[in-house]
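Notes to accompany the following structure.
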Amino acid sequence: MPATKRIALSFTRQFKHLANLLTVTVNRYSDELWFRDDLRQTPQPAWEAYHAVSSLAMGHILDIPVKCLPHDPGEEPPPSRQAVLDLLADVRNYVLEAISSMSDEQLVSQTRQCDGTGIENLMYAFRHTHHHVGLLIQILRQHGGKPPTWSSGNML
């Protein structure tokens, strides 16, 4: 198996862990905290979670067709936890399929829409999403919620 395919499999495993961490974090929110919009210097958790899922979709990196990307909710009411979880399930399935179907050339060459290689852009999307998941965990912790645990079991 080429090294690039082994790398893609590693990204697939890490993507699954990241999606699971986001799922667990979203499920730890109470309805009251999920929709709170009076939190000082932090976004409303509903919108932060939506943005985390949108970041994970990586449409600008993987050239995901617009019809498969999360819609921009604009001025709609904040999304429910279930709406974010449903969206995450769709994004998870699509991105896993996209990563598994990337050719060696797509993984190591520069992409059309970004400056980095396919691998580099996947790393960026994961880092960006982790930033938003971390903020969701911080908000949860600050307001008495139980954050998910991190263990070596979800690293590999």
Check: [Y] and [X] side chains under 4.5 Å, non-hydrogen atoms:
| X | Y | result |
| --- | --- | --- |
| V26 | W34 | yes |
| L9 | I99 | no |
| D90 | D86 | no |
| K16 | R92 | yes |
| P45 | F35 | no |
| P147 | R28 | no |
| L22 | L136 | yes |

* I137 reachable from V24 in the ILVMFWY side-chain graph, under 4.5 Å edges ->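 No, it is not one cluster - the side chains of V24 and I137 are not joined through contacts under 4.5 Å.
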
* Asked: Linking I/L/V/M/F/W/Y whenever their side-chain heavy atoms sit closer than 4.5 Å, directly or via other members, would L96 and F11 fall into one cluster?
  ->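 Looking at the clustering, F11 is in the same group as L96.
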
Hey, could you give me the [atom1]/[atom2] distance between [X] and [Y], rounded to the nearest 0.5 Å?
| X | Y | atom1 | atom2 | value |
| --- | --- | --- | --- | --- |
| H130 | S55 | NE2 | OG | 12.0 Å |
| L18 | R13 | CG | CZ | 14.5 Å |
| Q138 | T42 | CD | OG1 | 7.5 Å |
| S54 | L87 | OG | CG | 6.0 Å |
| F126 | N121 | CZ | CG | 11.5 Å |
| M102 | I7 | CE | CD1 | 11.5 Å |

* Show your reasoning for whether side-chain contact (heavy atoms from CB on, under 4.5 Å) applies to L56 and H132. => CA-CA 10 Å; L56 202 52; H132 292 288; over 6 Å; no

Heavy atoms only: give me the nearest [X]-[Y] pair and the separation to one decimal.
| X | Y | answer |
| --- | --- | --- |
| T25 | L21 | OG1-O, 2.8 Å |
| A46 | P79 | CB-O, 3.5 Å |
| L140 | Y29 | N-OH, 3.4 Å |

* Taking the six-membered ring where the residue is Trp, are the ring centres of Y124 and H128 under 6.0 Å apart? ->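 Yes, ring centres under 6.0 Å apart.
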
* Asked: Just by distance, with hydrogens left out, do H131 and H51 show a side-chain donor and acceptor under 3.5 Å apart?
  ->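 Short answer, no.
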
* **Derivation and outcome, side-chain contact (heavy atoms from CB on, under 4.5 Å), residues K146 and R141** => CA-CA 6 Å; K146 182 182 178 199; R141 179 178 282 124; over 6 Å; no

* Sole candidate of T129, V95, L122 that passes side chain to side chain contact (heavy atoms under 4.5 Å, CB included) when paired with F15 ->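 When side chain to side chain contact (heavy atoms under 4.5 Å, CB included) is applied between F15 and each of T129, V95, L122, only V95 qualifies.
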
* Heavy-atom neighbours of E97 CD exceed 12 at 6.0 Å ->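 No, CD of E97 has 12 or fewer neighbouring heavy atoms, counting only those of other groups under 6.0 Å.
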
